[in-house]
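I have placed the structure first, in the form of structure tokens, so that the comments after it can refer back to it.
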Amino acid sequence: MSDVGTPANPLRVAVIGSGPAGFYATEALFGSGLAVCVDMFERLAAPFGLVRSGVAPDHPKLKQAIQVYQQIALSPAFRFLGNVAVGRDISVPELQSCYHAVLFACGAQTDRLLGVPGEHLPGSHAATEFVGWYNGHPDYQDLAFDLSHDTAMVIGQGNVAMDVCRILAKTPDELRHTDIAAHALEVLAESKVRDIYLVGRRGPAQVKFTHPELRELGGLAECDPVVDPGDLILAPASQQELADRGNRATLKSYEVLQAFAARPPPTRRRRCHIVFQKSPLELIGDGRLQRVLLMRNRLAGEPGHQIAEPTGEVEQVDCGVLFRSIGYRGVAIPGVPFDARRGVIPNRDGRVVDGGAIVSGLYVSGWIKRGPSGIIGTNREDSVLTVNALLADLASLDVGPKPDTDKASALLRQRGVRVIGYGDWQQIDAAELRRGQAVGKPREKFTRLQEMLDVLPA
Ligand code: NAP
């Protein structure tokens, strides 16, 4: 009988990624009643994934999830190994030789492309880059966003698109006391953008953003939301979608859109135009983005499954900066099966599969398991399911000699990797909080690894 999970032979799990999915998986493992040790590997020096670098700076309540993660991290059975890229600094087979199980919770690090001509012109960006930049993510600090044109366009109508619109629309005073990166605040304060187009390929009954986020757009100091009442006239199939009891949240968004459409003409300095049934056909510019050709769409298909089809009617909008916000995508890890079409690690109930066969000892949770959907809390249920699968496999994870977790640290040391432990992170965290306090912000993030290392004793 297996003794894995007993104090003599604790279940040793390597969790890859320190965002919500990684921490909720750790929480579930620690709550299993077994003796469990978790080593959490993180590519960046700072933990907390998209809660730190994805959640909008003006949504501090959502960041409170970090308090839960901090508690989990204080367990003596937990180790944080920051600044370690799995697949580069240490391989997956090496991890497998050190741990009973490896659980990938590394999220969806990149974005999807529109696939239209001109997409790579300067001035055309992924929303994920802009979000990383204003949130102080070290990968995006050297990007430049030119906000000197009066028109910006955001493609897609999910909550990320909504975040981008709001950050473009807010005044410096509305952002000054958030944890937005200082360099971003500086650029946004000089922004000349007056008109922001939030463009959906389908209609107001198919928006993906949620109504509280949409409502927020109506309460900004210097921006009016603009909706054409004519765009809210629904065909029977969309009416049927909104009448569906399971679609109440979208109905609420529709009601907010109606309230926006009924407003008097805009008077504020900026306008956010929420437009529907349009898709970018081509991005045009001489050396940089200057115009966008938009194709008008019609909706086709059954209620609940309607798709956007081009009508052939094209319009041109002058536009100097565009953000595509059409979904995140997972990135393959060397040595781990990957479904390139969906951008996820193929799995069955959280067990990694390769060509249909389960790969023993490899698990997955969060966006890299199911794709980029849901709110932070969705990852808790998702991680519990994965951990349940892992625990059900316990007997099969008992393979030969007991793993030695210190072997992983030794390998990293040999390779000269400067591992950031949780104690190191706590010092960096305290320094960020102090820097924030000095300028009236909840925190001033370090945006480069070296700045973080400089906080630590040599
Ligand atoms: P999302 O909610 O899936 O929205 C993606 C949007 O892109 C949809 O409007 C989609 O339209 C559109 N789209 C996809 N492909 C397109 C194409 N080729 N051309 C034009 N439009 C296209 O994704 P997201 O905004 O990246 O958000 C990811 C997840 O994070 C979501 O679950 C979101 O709720 C969550 N999130 C939550 C918050 C919050 O709670 N405040 C903040 C940020 C993100 P179709 O519907 O037609 O496909």
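These numbers come from a predicted model, not from an experiment. Note that ligands are numbered from 1 as they come in the structure, with each ligand's atoms numbered from 1 the same way.
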Grab the two heavy atoms, one from [X] and one from [Y], that are nearest each other, plus how far apart they are.
X	Y	answer
Val207	Gln157	CG1-OE1, 3.5 Å
Leu74	Gln426	CD2-NE2, 3.7 Å
Glu42	Ser18	OE1-OG, 2.6 Å
Val38	Val36	CG2-CG1, 4.1 Å
Glu241	Glu302	OE2-O, 4.5 Å

Heavy atom of the protein closest to [atom] (residue, atom name, distance):
atom	result
atom 2 (O) of ligand 1	Lys208 CB, 3.6 Å
atom 11 (O) of ligand 1	Arg201 NE, 3.7 Å
atom 12 (C) of ligand 1	Gly156 CA, 4.0 Å
atom 30 (O) of ligand 1	Trp367 CZ2, 3.5 Å
atom 23 (O) of ligand 1	Gly327 CA, 4.4 Å

Heavy atom of [X], distance to ligand 1 below 4.0 Å:
X	answer
Arg112	yes
Ser279	no
Ser325	yes

Hey, would you say the [X] and [Y] ring centroids sit under 6.0 Å apart?
X	Y	answer
Tyr363	Phe104	no
Tyr197	His273	yes
Phe23	Phe78	yes
Trp425	Phe80	no

Pull out every atom of ligand 1 sitting under 4.0 Å from any heavy atom of [X], numbered as shown with elements.
X	value
Pro372	28 (C), 29 (C)
Gln157	6 (C), 8 (C), 9 (O)
Arg202	45 (P), 46 (O), 47 (O)
Glu213	39 (C), 40 (O), 41 (N)

Exercise for review: Decide yes or no for Val226 and Ile274: does some side-chain heavy atom of the first lie under 4.5 Å from some side-chain heavy atom of the second?
Suggested key: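 Heavy-atom side-chain distance check fails, nothing below 4.5 Å.
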From the options [options], select the one whose nearest heavy atom is closest to [atom].
atom	options	result
atom 1 (P) of ligand 1	Gly158, Gly203, Gly200	Gly158
atom 35 (C) of ligand 1	Gly374, Pro280, Ala308	Gly374
atom 26 (O) of ligand 1	Leu62, Val55, Val160	Val160
atom 43 (C) of ligand 1	Ile326, Val154, Asp163	Asp163

Point to revise | Short side-chain donor-acceptor distance under 3.5 Å, Ser279 and Asn297 | key: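 There is such a pair between these side chains.
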Between ligand 1 and [X], is the shortest N or O to N or O distance under 3.5 Å?
X	answer
Asn159	yes
Ser373	no
Ala161	no

Check your understanding: Would atom 9 (O) of ligand 1 count as contacted, meaning some protein heavy atom under 4.0 Å?
Key -> yes
**Study point:** Other residues, nucleotides, ligands: >12 heavy atoms within 6.0 Å of Asp173 CG
**Key:**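 Yes, because the 6.0 Å sphere around CG of Asp173 holds more than 12 heavy atoms from other groups.
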